[in-house]
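Shown next, in structure tokens, is the structure this report addresses.
Reckoned from all heavy atoms, side chains included, excluding hydrogens, waters and symmetry mates. Predicted, not measured: the structure shown is a model, and the values here were computed from it.
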Number of protein chains: 2
Amino acid sequence: MTGPRALSTEGSPRGRKRGSHSLEAVLSAAVALLDEAGAPALTFRALAARLGTGVGTIYWYVSNKEELLDRATDHAIGGVLALVEAQPESDDPIADLRAMAITLFDAIVDRPWLSAYFMRNTDVQGNSLRLYEKLGQQTLRLDLTPRQRFHAVSAVTGVVVGTAADLGVEAPQEVLDGHVDRDAYLGRFVEQWRSLDGAEFPFVQQIADEFAGHDDRDQFLAALELTLSGLRLQAGTR
Amino acid sequence: MTGPRALSTEGSPRGRKRGSHSLEAVLSAAVALLDEAGAPALTFRALAARLGTGVGTIYWYVSNKEELLDRATDHAIGGVLALVEAQPESDDPIADLRAMAITLFDAIVDRPWLSAYFMRNTDVQGNSLRLYEKLGQQTLRLDLTPRQRFHAVSAVTGVVVGTAADLGVEAPQEVLDGHVDRDAYLGRFVEQWRSLDGAEFPFVQQIADEFAGHDDRDQFLAALELTLSGLRLQAGTR
DNA sequence: TTCCACTATCGAACGTCGTTCGTTACGGCG
DNA sequence: CGCCGTAACGAACGACGTTCGATAGTGGAA
């Protein structure tokens, strides 16, 4: 055998001699490493050290790093899914869609490494699919064609991931570590942008001030709102 | 000295003994490697071999891999910028915005590696900034507040990059190599999706057929249209 | 001419990474 | 007891990014 293939069948935790390893423990430790210091911190050696095992052991539960990342991502998405499923359903599908998108966005902001792997995860049975389903179910309540529903969901996830990736990556290591103040970091850009030629860069100059005091969340909410109002318009005119 | 710092001052190509290296040549070769086999193919050793030099030489033009990727990305964006600047301006700013977004999308589809590095590129003076400016200039022609303009541009780029990244990553190596037919690859998902429990996954089931015959470009255009119609609504109601 | 600083090039060497593989050990079953 | 499936382990391998000392060619100053 090459290892356990089924994810959900984590059956019968019978007694083990040392450190209850199991896939669950591996994934939790992987997510913890990712949370603490981002993607580069997740190495097989670091993971083995944290689990108190050897590197070879991890390969028993996971066949390579790609699968490790996929499973860790799905593990994290599971938390998002739980939040989304706990959300009460209102009488406005678009409002519910908004709430779900915001929940997903917040999760990615919390875990910037998610943005890079969220879409790479093509695992067909998993929490990502369930989340996709949850979003789609809201479009079922709208007067749309199946194709429009399909496009609507991909548009919403596109906005969430696109914006979150943009913002998450925007902050370099020095800011994440707290060594450099975020406002000071943004200030550098504002200063450079303001000093540009006004004839050649009229937009960037006008925007510099907005950028100085901008809030990532507002930026995302505005982008989401454009998509959702477009969707509402579409649902009303059929 | 630690190397040439200025990007644009590629002055006086005087005669050199062997292989006219220069930053320009390094970047072109890097982009070529990325185009041919994606991000993992771009290594310092492969790049040196292609240029007929040693690995150390590349570090004379570029201080590390991150900078190499940033500059290579900016190099590629330069091509997009040229296309965007060549576009004639119509009397409808939103139509022009759409055309620019499509140009950018097509470029990313052509070069999937761009999606991963497009946003990471925080280089303040560069083609990315100029492209950002070009998009923003269209919003200057709309009746919006500066903040709304700022949000509009970030929404559009978010949709483009988010969707392009989704679609670009969707195709694994086997499809890129042509070993597996794209329709057959998509068919696997459709089959699995259709076999799901209809009570638990009503949306995914309904969407499976759409997914089978779907076109990436249409999917993007639909998402973009939602954002743009939301923007048009916003510009009209102020 | 000689000298020196600058520009540019080179590849061996270092440490880290993902991954492989031979080996060991335990527990239940015939 | 011997066997087999499960689980664990870490040395070793090749590839990677990066560093560094050595080595020229060039142009101006002395």
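If you check C/dG18, C/dA12, C/dC10 against the side chain of B/Thr53, the one that comes closest is C/dC10. In this structure, of D/dT19, D/dA8, C/dC10, it is D/dA8 that holds the atom nearest to the side chain of A/Thr57. Side-chain atoms of B/Tyr61 lie closest to C/dA8 of the nucleotides C/dG18, C/dA8, C/dC10. Which of C/dT9, D/dG17, D/dA7 sits closest to the side chain of B/Trp60 comes down to C/dT9. The side chain of B/Lys65 has D/dG17 as its nearest neighbour among D/dG17, D/dA11, C/dT9.
Protein atom OH of B/Tyr59 is 4 Å distant from nucleotide atom P of D/dT18, rounded to whole Å. We find that CZ of B/Phe44 is positioned 16 Å from P of C/dG11, with the value rounded to whole Å. Straight-line distance from the CG atom of A/Asn64 to the P atom of D/dA15: 18 Å, rounded to whole Å. Between B/Leu51 atom CG and C/dT9 atom P the separation is 10 Å, expressed in whole Å. Between the P atom of C/dT19 and the CG atom of A/Leu42 lies a distance of 11 Å, rounded to the nearest Å. Distance, A/Leu69 CG to C/dC17 P: 15 Å, rounded to whole Å.
Nearest-nucleotide positions on DNA chain C for A/Gly56 and A/Arg45 put A/Arg45 closer to the 5' end. The residue among B/Val55 and A/Glu66 whose nearest nucleotide of DNA chain C lies closer to the 5′ end is B/Val55.
Under the 30°/60° scheme for interplanar angles, the aromatic rings of A/Phe44 and A/Tyr59 are found to lie parallel. In this structure, B/Phe150 and A/Phe211 have perpendicular ring planes: the angle between them is above 60°, well past the 30° mark.
If you check every strand for non-hydrogen atoms under 4.0 Å, B/Ile58 touches nothing. Within 4.0 Å of A/Leu47, counting heavy atoms only, lies no atom of the nucleic acid at all.
The local environment of CD in B/Gln87 is crowded, with over 12 non-hydrogen atoms from other residues, nucleotides or ligands closer than 6.0 Å. Heavy-atom contacts from other residues, nucleotides or ligands closer than 6.0 Å to CD of A/Glu85 number more than 12. The 12-atom threshold is not exceeded at CD of B/Glu66, counting heavy atoms of other residues, nucleotides or ligands nearer than 6.0 Å.
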